[in-house]
Amino acid sequence: MTEGTTAAKAGDELSHLEQEGEIAADYLEGLLDIADLDGDIDMDVEADRAAVSIISDSGSRDLQKLVGRDGEVLEALQELTRLAVHRETGDRSRLMLDIAGYRAKKREELSEIGAKAAADARSTGEAVRLDPMTPFERKVVHDAVKTAGLRSESEGEEPQRFVVVLPA
């Protein structure tokens, strides 16, 4: 494959992800209108997936309703948004949705948990088992452990699937 062909494929992928983001943004705008909630939509491409965020300038707690307890409503809205994208494109979407900065804050917390678990595994020489987590949460922890130079695995069955951090 030539350099030009590789660049063209990368450009096509970026264009496809931007299209996913636009479809998702339109879907979410409609949802906000129906729910009579204020929020701005921000679109980006992060780590080879479309990322869409709903943010509010007013600092309104209204958007917290769309996050729900422990992000449950956010997870459901993300799946509905992915389905809306799939309906339009025919392709399965890996789109990530964030509302009111919930996922960004959660990502920071989980990165700290992963780094601490890696440090514990390194110092004790024993595997560290963490509490059950969602797929999103496990992915963030796996990335933090990898950054710390160790390996981790997921074990168990949903919804009790958890991360095990392995010593060096």
Side-chain angles (χ1 to χ4, degrees), residues 13-14 16-18 20-21 23-25 27-28 31-32 35 37 39-56 59-86 91-168:
E13 179 65 18
L14 181 62
H16 179 74
L17 293 175
E18 289 170 344
E20 278 190 21
I23 293 167
Y27 175 78
L28 292 165
L31 178 76
L32 290 173
L37 296 172
D40 295 322
I41 309 290
D42 184 38
M43 296 179 297
D44 201 1
V45 174
E46 299 173 359
D48 297 332
R49 62 172 59 184
V52 179
S53 300
I54 301 175
I55 53 178
S56 175
S60 168
R61 294 201 34 86
D62 284 346
L63 289 182
Q64 292 304 317
K65 295 174 188 173
L66 297 179
V67 173
R69 190 186 58 153
D70 296 328
E72 290 173 341
V73 176
L74 170 59
E75 290 290 333
L77 287 173
Q78 176 175 277
E79 287 307 309
L80 289 172
T81 305
R82 286 177 173 177
L83 286 171
V85 170
H86 176 58
D91 296 327
R92 183 178 173 275
S93 174
R94 295 177 48 236
L95 175 132
M96 288 297 293
L97 175 63
D98 191 6
I99 299 174
Y102 176 83
R103 269 199 212 279
K105 181 180 174 200
K106 191 78 170 167
R107 185 176 278 122
E108 286 178 28
E109 293 170 1
L110 291 164
S111 291
E112 290 175 15
I113 289 170
K116 183 182 180 319
D120 290 350
R122 184 175 282 121
S123 68
T124 65
E126 295 181 16
V128 175
R129 285 175 167 66
L130 300 175
D131 292 334
M133 298 178 181
T134 66
F136 162 76
E137 294 169 335
R138 290 193 310 269
K139 169 81 169 91
V140 173
V141 171
H142 286 304
D143 290 347
V145 170
K146 183 177 180 181
T147 299
L150 291 183
R151 222 172 44 84
S152 58
E153 299 174 347
S154 291
E155 294 183 3
E157 299 292 322
E158 295 291 354
Q160 296 299 312
R161 200 156 167 79
F162 58 95
V163 174
V164 178
V165 180
L166 305 169

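Throughout, numbering of the chain's residues begins at 1 and tracks the sequence. Worth saying up front: this structure is predicted, and the values here are computed from it rather than measured.
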Search all heavy atoms of Leu32 against all heavy atoms of Gly39 and return the closest pair with its distance. CD1-O, 3.9 Å

Within a strict 4.5 Å, meaning less than it, do heavy atoms of the Met133 and Val140 side chains meet? no

Under-4.0 Å salt bridge between Arg82 and Glu79: yes

So, for Glu20 and Leu95, which heavy atoms are closest and what is the spacing to 0.1 Å? O-CD1, 4.1 Å

Run the side-chain donor-acceptor check on residues 156-168: report pairs under 3.5 Å with partners two or more places apart or on a different chain.
from, atom 1, to, atom 2, distance (Å)
Glu158, OE2, Arg138, NH1, 3.1
Glu158, OE2, Arg138, NH2, 2.8
Arg161, NH1, Gly156, O, 2.7

How long is the gap from CG on Leu28 to CG on Leu97, to the nearest 0.5 Å? 5.5 Å

Determine whether Val85 and Tyr27 make a side-chain contact, defined as any pair of heavy atoms from C-beta on separated by less than 4.5 Å. no

With sequence neighbours left out, write down each residue that passes salt bridge (charged side-chain N to carboxylate O under 4.0 Å, His left out) with Asp42, or none if nothing qualifies. none

Min side-chain heavy-atom separation Leu77-Leu31 under 4.5 Å: yes

Within the 3.5 Å criterion, strictly below it, is a donor on His86 or Ser93 matched to an acceptor on the partner's side chain? no

Does anything in residues 66-77 pair up under side-chain hydrogen bond (donor to acceptor under 3.5 Å, both in side chains), and if so which pairs, sequence neighbours excluded? Arg69-Glu72, Glu75-Arg103

Check whether Asp98 reaches the backbone of Tyr102 with its side chain - one donor and one acceptor, N or O, closer than 3.5 Å. yes

